[in-house]
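As the structure is a computational prediction, the values presented were derived from the model and not from experiment.
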Amino acid sequence: MASLSFKHIYKKYPGGVTAVSDFCLEVKDKEFIILVGPSGCGKTTTLRMIAGLEEITEGELHIGDTLVNDIAPKDRDIAMVFQNYALYPHMTVFDNMAFGLKLRKTPKEEIKRRVEEAARILDITHLLERRPKALSGGQKQRVALGRAIVREPKVFLLDEPLSNLDAKLRAQMRTELTKIHQKLGTTFVYVTHDQVEAMTMATRIVVMKDGLIQQVATPQNLYDLPVNVFVAGFIGTPQMNFIKCTLDKKGEDLYFTFGQNSLKLPEEKAKNPALKDYIGKEVILGVRPECLHDEQRYLEAMPDSIITANVEVTELMGAEIYLYLVTSGAEDEDQNLIARVSPRSEARAGDTIKIAVELPRVHVFDKDTERCIIH
């Protein structure tokens, strides 16, 4: 088993392109760490540097107590699962899983024991004599995982392993991967652009953008305490609503003002000293879709935080309805919002409705730096 230590890692390509900048991270033994971010943010490059498939330009990478910058990939005691499975088409499932062990001159009995044990964990014992072309996408994925498991590596590296599967199978494999991680008790480093995968499987998530770490936290902390607009918008489905508004003071009270709308801050939030410097200035208000309510009980309980909005589209999701709304915004521009409401909502496209904003749960961001001022 192994921890990972990244100390000021950089990856620079010829021509001045920097793919990863000042990457610092401590991964504990047995953690399930997920690197998440949009395409081109440097997450796969980071994974390939751990594997030794990309050279580290600057900085130090330790696996356990060993500095691995100059150690060949085969000697790093890691196993990588690729997006396209990379199975040998002419070999059976057994031979695909055993191939790496045969190269290492592992005794035949040991190979048989390890392959059968991995097949049992992955529930693919009945597939051992088949060839890859006779397997479904999910089965190929399990074989690729099995080939990594038999190596008994210190660290598993997984590069978007579920992206080729259909939606139902992806959800199933997410659960399977979590169970496998618990059974093996090994360190997993996983790359995806799908924040649902990150939220459901990770012990901690590393959010990346343009080669830089934006935030490292548990899934719940990322959701509740995002450090900036990028993280707040990236984590959560549907994504957070961002409203340009002015923070105004009337008497002792603070208000968010945008278009025809004025929302009074709850007393405990208004007392926050971090807001003092922003009075009279523009800020960005971040509101999760589940913090917008159209039910009468919310409207009665929150009389100081109601906006009027037009319903453009409704999407029934079964257990909830997404309302796509338009209200008046700053500088006479329309402000688009998404509300996640009860399936009993009677709002329909074309209606003008009242919406209560759950202000104790909003986030306020600096308009220029996009850093979070208060949660």
- Item | Residue Glu267 excluded, over 12 heavy atoms near CD under 6.0 Å | no

- Quick one: which of Arg142, Lys140, Gln141 gives a side-chain contact (heavy atoms from CB on, under 4.5 Å) with Leu135? Lys140

- Stepwise side chain to side chain contact (heavy atoms under 4.5 Å, CB included) test for Lys269 and Val362: CA-CA 10 Å; Lys269 253 187 165 52; Val362 299; 3.9 Å; yes

- Would you mind reporting whether Asp22 and Tyr10 have side-chain heavy atoms less than 4.5 Å apart? yes

- Message: Holding to salt bridge (Lys or Arg N to Asp or Glu O under 4.0 Å), I want the full list of residues that pass it with Asp95, two or more places apart in sequence or in another chain.
- Response: Lys102

- Query: Is Arg288 close enough and on-axis enough to Tyr223, meaning under 6.0 Å and within 45°, for cation-pi?
  - Reply: yes

- Query: Is there a path of hydrophobic side-chain contacts, each under 4.5 Å between heavy atoms of I, L, V, M, F, W or Y residues, that connects Leu101 with Leu145?
  - Reply: yes

- Message: Is it the case that the side chain of Asp351 and the backbone of Arg348 share a donor-acceptor pair, with hydrogens and angles ignored and the cut-off at 3.5 Å?
- Response: yes

- Electrostatic pair Glu117:Arg120 at N-O distance under 4.0 angstrom: yes

- Item | Short side-chain to backbone donor-acceptor contact, Asn96 and Met91, under 3.5 Å | yes

- Message: Any non-hydrogen side-chain atom of Arg48 less than 4.5 Å from a side-chain atom of Asp159?
- Response: no

- Task: Please report the closest heavy-atom contact between His375 and His363, naming both atoms and the distance.
- Result: ND1-ND1, 3.0 Å

- Between the CD1 atom in Ile307 and the CG atom in Leu292, the distance rounded to the nearest 0.5 Å is 6.0 Å

- Residues two or more places apart in sequence or in another chain: which of them pass side chain to side chain donor-acceptor pair (under 3.5 Å) with Thr327? Asn261

- Which pair of heavy atoms, one from Ala347 and one from Asp294, lies closest together, and at what distance? CB-OD2, 4.1 Å

- With hydrophobic residues grouped by side-chain heavy-atom distances under 4.5 Å, do Ile33 and Phe156 end up in a single group? no

- Quick one: do Ile353 and Leu323 satisfy side chain to side chain contact (heavy atoms under 4.5 Å, CB included)? Show the steps, please. CA-CA 11 Å; Ile353 61 171; Leu323 302 180; 4.1 Å; yes

- For Ile373, which of Leu247, Leu275, Asn272 qualifies under side-chain contact (heavy atoms from CB on, under 4.5 Å)? Leu275

- Message: Looking at Ala86, is its backbone amide N or carbonyl O close enough to the side chain of Arg147 to form a donor-acceptor pair, meaning the two atoms are under 3.5 Å apart?
- Response: yes

- Message: One pair to check against side chain to side chain contact (heavy atoms under 4.5 Å, CB included): Cys245 and Val283. What are the steps and the verdict?
- Response: CA-CA 6 Å; Cys245 56; Val283 292; 3.9 Å; yes

- Query: Just one of Lys43, Arg174, Arg170 clears the salt bridge (charged side-chain N to carboxylate O under 4.0 Å, His left out) bar with Asp194, so which one?
  - Reply: Arg170

- Between the main-chain N or O of Ala98 and the side-chain N or O of Arg114, is there a donor-acceptor pair closer than 3.5 Å? no

- Query: Side chains of Glu160 and His193: donor-acceptor distance under 3.5 Å anywhere?
  - Reply: yes

- Kindly indicate whether the side chain of Arg104, heavy atoms from C-beta on, has any atom under 4.5 Å from the side chain of Arg151. yes

- Can you name the nearest heavy-atom pair linking Asn69 to Gly59, along with the distance? ND2-O, 2.8 Å

- Query: Quick one: side chain to side chain donor-acceptor pair (under 3.5 Å) partners of Glu26, sequence neighbours excluded?
  - Reply: Ser5

- Query: Which heavy-atom pair separates Thr203 from Glu31 by the least distance, and what is that distance?
  - Reply: OG1-OE2, 3.6 Å

- Determine the sole option in Gln195, Met199, Glu197, Gln215 for which the side-chain contact (heavy atoms from CB on, under 4.5 Å) test with Ile205 is passed. Met199

- Query: What about Ile149 and Ile78, same hydrophobic cluster or not, with Ile/Leu/Val/Met/Phe/Trp/Tyr joined at side-chain heavy-atom distances under 4.5 Å?
  - Reply: no

- Message: Do Tyr255 and Asp304 pair up side chain to side chain, a donor and an acceptor below 3.5 Å, judged on atom types alone?
- Response: no

- Query: Quick one: do Glu110 and Arg113 make a salt bridge, cutoff under 4.0 Å?
  - Reply: yes

- Query: What's the spacing between His8 NE2 and Leu61 CG if we round to 0.5 Å?
  - Reply: 13.5 Å

- Minimum side-chain heavy-atom gap Ile243-Leu337 below 4.5 Å: yes

- Query: Is there a donor-acceptor pair closer than 3.5 Å between any side-chain N or O of Asn310 and the backbone N or O of Thr352?
  - Reply: no

- Message: Going by side chain to side chain donor-acceptor pair (under 3.5 Å), name the residues that satisfy it together with Arg76, two or more places apart in sequence or in a different chain.
- Response: none

- Message: What's the separation between atom CD in Gln260 and atom OG in Ser328, rounded to the nearest 0.5 Å?
- Response: 4.5 Å

- Query: Within the side chain of Ser21, is there an N or O that forms a donor-acceptor pair under 3.5 Å with the backbone of Leu212?
  - Reply: no

- Query: Considering only heavy atoms from C-beta outward, does the side chain of Phe6 approach that of Cys24 to under 4.5 Å?
  - Reply: no

- Can you name the nearest heavy-atom pair linking Glu55 to Lys11, along with the distance? O-NZ, 2.9 Å

- Query: Could you go step by step and tell me if Thr187 and Asp29 meet the side chain to side chain contact (heavy atoms under 4.5 Å, CB included) rule?
  - Reply: CA-CA 6 Å; Thr187 309; Asp29 186 21; 3.6 Å; yes

- Mark yes when over 12 heavy atoms from residues, nucleotides or ligands other than Asp75 sit less than 6.0 Å from its CG; otherwise mark no. yes

- Message: Can you tell me how far apart CD (Glu333) and NZ (Lys244) are? Round to the nearest 0.5 Å.
- Response: 6.0 Å

- Are the side chains of Tyr278 and Lys367 in touch, meaning some heavy atoms are under 4.5 Å apart? no

- For Gly280 against Asp248, the heavy-atom pair lying closest together: CA-OD1, 4.4 Å

- Task: Assign the ring pair Phe188 / His181 to parallel, tilted or perpendicular, where the plane angle (0 to 90°) is split at 30° and 60°.
- Result: perpendicular

- Between the NZ atom in Lys7 and the CD atom in Glu60, the distance rounded to the nearest 0.5 Å is 6.0 Å

- Under the salt bridge (Lys or Arg N to Asp or Glu O under 4.0 Å) test, residues paired with Lys250 that sit two or more places apart: none

- Task: Report yes or no: do Ile121 and Met201 belong to one cluster of Ile/Leu/Val/Met/Phe/Trp/Tyr joined by side chain heavy-atom distances under 4.5 Å?
- Result: yes

- Task: Give a yes or no on whether Leu325 and Phe256 share a hydrophobic cluster (residues Ile, Leu, Val, Met, Phe, Trp, Tyr; joining criterion: side-chain heavy atoms under 4.5 Å apart).
- Result: yes

- Query: Can you tell me if Asn241 uses its side chain to pair, donor with acceptor, with the backbone of Val287 under 3.5 Å?
  - Reply: yes

- To the nearest 0.5 Å, atom CD1 of Ile284 lies from atom OG1 of Thr369 at 8.5 Å

- Query: Under a 4.5 Å cut-off applied to non-hydrogen side-chain atoms, are Ser262 and Thr257 in contact?
  - Reply: yes

- Task: Quick one: list whatever passes side chain to side chain donor-acceptor pair (under 3.5 Å) with Tyr324, sequence neighbours left out.
- Result: Glu315

- Task: Could you tell me whether a side-chain N or O of Thr45 sits under 3.5 Å from a main-chain N or O of Ala19, the two making a donor and an acceptor?
- Result: no

